[in-house]
Amino acid sequence: MRALPNWTSVEVGGGGLRVTGVPAQHGPDGTEHLVGEVTGFVLSGEGLPTVYVSGDNASLDVVRAVAERVGRVDVALLFAGGARTPLVDGYLTLTSEDAVAVAEILGARYVVPLHFEHWAHFTQGRESVERAFAGYGERLRLLAPGERTSIR
């Protein structure tokens, strides 16, 4: 195992799957020394859907930078939940409303909100995600706990 710096790519699996590390910001500006460094990923390859994995990102500006370099994505896996901690004044992950903004910034064909249940530091859960994404219809893929899906 090794770190994957931002904008660095590796090929995995021998099938042309490229994994690119992309920026993520775990909390408000200037709190990195308190909350630590995180990363996101873009998965892509010839004939494959482009998938954005937000990681523990809370910054729309970071997503805009990713969109400038990557363009539209087919699937956005978004860590939501509006996680908070007493260490900082702000969110550590996307709020439900920010997850909608990210989906729009990336022009995502499908959106899969993740990472919003079962930990005490999440301030928003399934109901908040469902309300925020009302009207997304088939674009929203909200998995039940333990459910797996294939998106085609």
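Both backbone and side-chain heavy atoms feed into the values below; hydrogens, waters and symmetry mates do not.
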Side-chain contact, heavy-atom cut-off 4.5 Å: [X] with [Y]?
X	Y	answer
P23	W7	yes
V88	P28	yes
F41	L4	yes

Closest heavy-atom contact between [X] and [Y]?
X	Y	result
P113	F133	CG-CE1, 4.1 Å
F79	V53	CE1-CG1, 4.1 Å
L106	A67	CD2-CB, 3.9 Å
A103	L78	N-CD1, 4.4 Å
S96	V129	OG-N, 3.4 Å
D98	L94	CB-CD2, 4.0 Å

Quick one: pull up [atom1] in [X] and [atom2] in [Y] and give me the separation to the nearest 0.5 Å.
X	Y	atom1	atom2	answer
L17	S9	CG	OG	10.5 Å
S54	L114	OG	CG	7.5 Å
T93	H26	OG1	NE2	7.5 Å
L60	E104	CG	CD	12.0 Å
E138	R109	CD	CZ	11.0 Å
E68	I105	CD	CD1	10.5 Å

Test side chain to side chain donor-acceptor pair (under 3.5 Å) applied to R139 - qualifying residues, sequence neighbours left out: none

Which residues share a side chain to side chain donor-acceptor pair (under 3.5 Å) with T39, sequence neighbours left out: none

Would you say V19 and V62 are hydrophobically clustered, going by side-chain heavy atoms of ILVMFWY under 4.5 Å? no

With side-chain contact (heavy atoms from CB on, under 4.5 Å) as the test, pick out the partner of Y52 among D74, V63, L77. V63

Just grab all the salt bridge (charged side-chain N to carboxylate O under 4.0 Å, His left out) pairs involving residues 22-45, residues at least two apart or on different chains. none

Main chain of V38, side chain of D56: is a donor-acceptor contact present, judged purely on distance under 3.5 Å? no

Derivation and outcome, side-chain contact (heavy atoms from CB on, under 4.5 Å), residues V42 and T50: CA-CA 7 Å; V42 171; T50 300; 3.8 Å; yes

